[in-house]
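Here's the structure we're looking at; comments come further down.
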Amino acid sequence: MWTPEQLHAIPQLLLEWYQANARPMPWQENPDPYYLLVAATMLQQTQVETVLPYLERFLQRFPTVCDLAEASEEEVLRYWEGLGYYNRARYLHRAAQQISRRHNGSVPCRVEALRQLPGIGEYTAGAVVSIACGKPEPALDSNGYRILARLLAFQKDITLSSSRRQLQEACRQILPEHAPGAFNQALMDLGALVCTAREPRCLVCPLAEQCLAFQQGLQASLPVLPPQQVGEKVQDVCAVIEHHKRWLMRKRTDGRLWHGLWEFPRVRVEEGETLEQAARRAASMVGAQVDGFETVAVVRHAVMHYSVTLHAIRCHLCEQPIEGSDTLRWVSPKEAQRLPLSSPMRRVLGKLMQTQKR
DNA sequence: CATCCGTGGCC
DNA sequence: TGGCCAAGGAT
């Protein structure tokens, strides 16, 4: 796999580059395992610049494992709102509760123990133990896989589990025992700053001389990735059901998209269906009969491979009132603002509040 | 192994 | 505007 020359030169050159070019991270002063656990979880599929303000707010509110374990899921989600992948927040919350009970409130520093916890995979466990505990474990993220694939001119799809295993093994062979945390972070910083997905800056790369892809002029066509799905355009409607200046909101509990977040009852517009018909269907989903439809907001957003136009349609409750429950509430505008919402639903609420003022 | 889960920035 | 991408993990 590696030539003897690469085996020695790569970790050396990478660590030297890292000493001069490391991006400052808030945990560098105090690499606490709990801090790293929260940070690594937030950083899953999410860029550093996006995470940092969330991380600060989150740790200020939940400074210890126990603070997080004792909080309500709804409050945890409120602090996660806007970061996406909300299962991460719910798993982290549960992990904190398990650490509280089974590990006396201190985050374990063994990969096998961490991997038992919900939401913690190979990357997150490796990041925590290597950075917070100095243990020689790889922490390969998409940056690491991309860099290793280019260094080795690796020709197979790097998202295959067989490829991942090979690249993890390759990483172990060059992982320095004395500085695993710095090495792992160096891979991520090099991937973010130099060995980028598009237009890698090979002319300033410390590993250019060791990189088989660069030598063969393949850096732009590696790594090999699977073909991706084509985007689909869809229309959604949410029903803003009003009654005595309150709105009927429901909590999503389908275990899928936006699980645990609140919304105005929402449906996908079906083929041949009008927006008003869809609004009736959204209302009937929570047992409400409505009339008096008026579009109050149109919000465009993207979810995964869908491109969504969300129409918020205000309507009035007719006939008997609807009973609230754990997952259904009549809320004042002020109460609505305090609920955890998805980003598009937060924008709908913002427009509603604007029109309310006038 | 395939699919699902968010969002914002960039070009 | 639309596609791509980012400190992945669960089912």
Side-chain angles (χ1 to χ4, degrees), chain A residues 22-23 25-27 35-55 77 80-92 94-95 114-128 130-132 138-147 157-165 168 171 181 183-193 195-200 220 223 225-233 252 254-261 263 299-310 340-347:
Chain A
R23 292 182 293 178
M25 296 293 165
W27 55 83
Y35 201 144
L36 261 298
L37 175 58
V38 176
T41 303
M42 283 190 175
L43 284 162
Q44 291 166 12
Q45 294 287 285
T46 311
Q47 299 190 26
V48 171
E49 293 69 25
T50 304
V51 163
L52 291 183
Y54 280 90
L55 184 60
L77 284 171
W80 206 272
E81 183 186 304
L83 263 184
Y85 289 130
Y86 297 95
N87 275 338
R88 293 184 296 178
R90 304 193 308 119
Y91 290 140
L92 181 61
R94 292 182 207 165
L114 282 168
R115 289 297 311 278
Q116 302 296 316
L117 298 167
I120 301 183
E122 286 175 346
Y123 156 75
T124 304
V128 170
S130 67
I131 298 170
L140 283 175
D141 66 336
S142 57
N143 290 301
Y145 287 114
R146 181 174 62 249
I147 293 170
D157 180 345
I158 61 166
T159 65
L160 298 174
S161 60
S162 58
S163 299
R164 300 252 157 163
R165 273 197 303 277
Q168 281 168 26
C171 185
F183 177 87
N184 287 334
Q185 292 181 86
L187 279 179
M188 300 189 236
D189 279 356
L190 188 73
L193 301 174
C195 194
T196 48
R198 284 173 294 192
E199 300 184 25
L225 294 168
Q228 47 231 12
Q229 302 182 342
V230 287
E232 191 179 344
K233 292 182 181 176
R252 296 183 64 104
D254 62 0
R256 301 176 72 80
L257 189 63
W258 296 313
H259 184 112
L261 303 189
E263 68 178 10
V299 167
R300 294 175 202 285
H301 67 100
V303 186
M304 312 309 296
H305 60 284
Y306 288 107
S307 171
V308 184
T309 305
L310 171 61
L341 308 177
S342 67
S343 281
M345 205 54 71
R346 177 68 60 190
R347 288 163 59 197

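In what follows, chains are A, B, ... by sequence order, proteins preceding strands, each numbered from 1.
Not one side-chain nitrogen or oxygen of A/Thr46 sits closer than 4.0 Å to the OP1 or OP2 atom of B/dT7. Phosphate contact (OP1/OP2 of C/dA7, side-chain N/O of A/Tyr54, threshold under 4.0 Å): absent. Residue A/Asn143 has a polar side-chain atom (N or O) positioned under 4.0 Å from OP1 or OP2 of C/dA7. Distances shorter than 4.0 Å separate none of the side-chain N or O atoms of A/Trp80 from OP1 or OP2 on B/dT7. Distances shown here put a side-chain N or O of A/Gln45 below 4.0 Å from the OP1 or OP2 atom of C/dG8.
Atom-to-atom, CG of A/Leu43 to P of C/dG9 comes out at 11 Å; the value is rounded to the nearest Å. Rounded to a whole Å, the CZ atom of A/Arg88 is 10 Å from the C1' atom of C/dA7. Rounded to whole Å, atom P of C/dC5 lies 10 Å from atom CD1 of A/Ile158. The NE2 atom of A/His305 sits 13 Å away from the C1' atom of B/dA2 (whole-angstrom rounding). A/Met304 places its CE atom 14 Å from the C1' atom of C/dG3, with the value rounded to the nearest Å. Between A/Arg346 atom CZ and B/dG8 atom P the separation is 12 Å, expressed in whole Å. Between A/Arg256 atom CZ and C/dT11 atom C1' there is a gap of 10 Å when expressed in whole angstrom units. Regarding A/Arg164, its CZ atom lies at a distance of 13 Å from the P atom of C/dA7, rounded to whole Å.
Taking only side-chain atoms of A/Ser343, from C-beta outward, the nucleotide of C/dA7, B/dT7, C/dG9 with the closest atom is B/dT7. Listed nucleotides: B/dG6, B/dT7, C/dG9. Nearest to the side chain of A/Pro344: B/dT7. When the nucleotides C/dG9, B/dT7, B/dC5 are ranked by their closest atom to the side chain of A/Tyr86, B/dT7 comes out on top. Each of C/dG9, B/dT7, B/dG6 was ranked by its minimum atom distance to the side chain of A/Ser342; first place goes to B/dT7. Which of C/dA7, B/dC5, B/dT7 sits closest to the side chain of A/Trp258 comes down to B/dT7.
Distance noted for atom P between C/dA7 and B/dC4: 24 Å (whole Å). The C1' atoms of C/dT11 and B/dT7 are separated by 23 Å, rounded to the nearest whole Å. Taking atom C1' in both B/dG6 and C/dA6, the straight-line distance is 12 Å, to the nearest Å. For B/dC5 and C/dC5, the C1' atoms lie 16 Å apart once the distance is rounded to whole Å. Separation of the P atoms belonging to B/dG8 and C/dG9 is 22 Å when rounded to the nearest angstrom.
Closest non-hydrogen pair, A/Pro118 versus A/Arg94, comes out as CG-CB, 4.0 Å.
Judged purely by atom type and a 3.5 angstrom limit, A/Ser163 has no side-chain atom pairing as donor or acceptor with the backbone of A/Thr159. Of the possible donor and acceptor atoms, none in the side chain of A/Arg300 sits under 3.5 Å from a partner among the backbone N and O of A/Val308. Under a 3.5 Å cut-off, the side chain of A/Arg88 and the backbone N or O of A/Gln44 do form a donor-acceptor pair. The closest donor-acceptor contact from the side chain of A/Arg252 to the backbone of A/Leu257 lies under 3.5 Å.
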Under 3.5 Å, which N/O atoms of the protein pair with N/O atoms of nucleotides 9-11 of chain B?
none

Walk me through it: do A/Thr41 and A/Trp80 pass the test side chain to side chain contact (heavy atoms under 4.5 Å, CB included)?
CA-CA 11 Å; A/Thr41 303; A/Trp80 206 272; 4.0 Å; yes
Tell me, with the steps shown, if A/Leu187 and A/Asn143 meet side chain to side chain contact (heavy atoms under 4.5 Å, CB included).
CA-CA 7 Å; A/Leu187 279 179; A/Asn143 290 301; 5.9 Å; no
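Among the atoms of the strands shown, base atoms are found under 4.0 Å from some heavy atom of A/Asp189. Among the heavy atoms of the strands, none lies under 4.0 Å from A/Thr41. Looking at heavy-atom distances under 4.0 Å, A/Ala197 makes contact with sugar-phosphate atoms alone, never a base. Nucleic acid contact for A/Glu122: sugar-phosphate only, since backbone atoms but no base atoms lie under 4.0 Å from a heavy atom of the residue. A/Arg146 comes within 4.0 angstrom of the backbone, heavy atoms only, and of no base. Within the 4.0 angstrom heavy-atom criterion, no nucleotide atom of any strand lies near A/Gly144. Among the heavy atoms of the strands, none lies under 4.0 Å from A/Ala39. Heavy atoms of A/Ile120 sit under 4.0 angstrom from primed sugar atoms or phosphate atoms, though from no base atom. Looking at heavy-atom distances under 4.0 Å, A/Thr124 makes contact with sugar-phosphate atoms alone, never a base.
Ranked by how close their nearest DNA chain B nucleotide is to the 5' end, A/Ser162 and A/His259 are led by A/Ser162. Mapped onto DNA chain B by nearest heavy atom, A/Leu160 and A/Leu83 fall at different nucleotides, with A/Leu160 at the one closer to the 5' end. Residues A/Asn184 and A/Lys233 both approach DNA chain C. Their nearest nucleotides, taken by heavy-atom distance, put A/Lys233 toward the 5′ side.
Ring planes of A/Trp258 and A/His301: tilted class, angle from 30 to 60°.
Of the inter-residue distances, the one linking A/Arg165 atom CZ with A/Glu122 atom CD reads 9.5 Å to the nearest 0.5 angstrom.
Counting only N and O atoms by type, the side chains of A/Tyr86 and A/Glu81 include no donor and acceptor under 3.5 Å apart.
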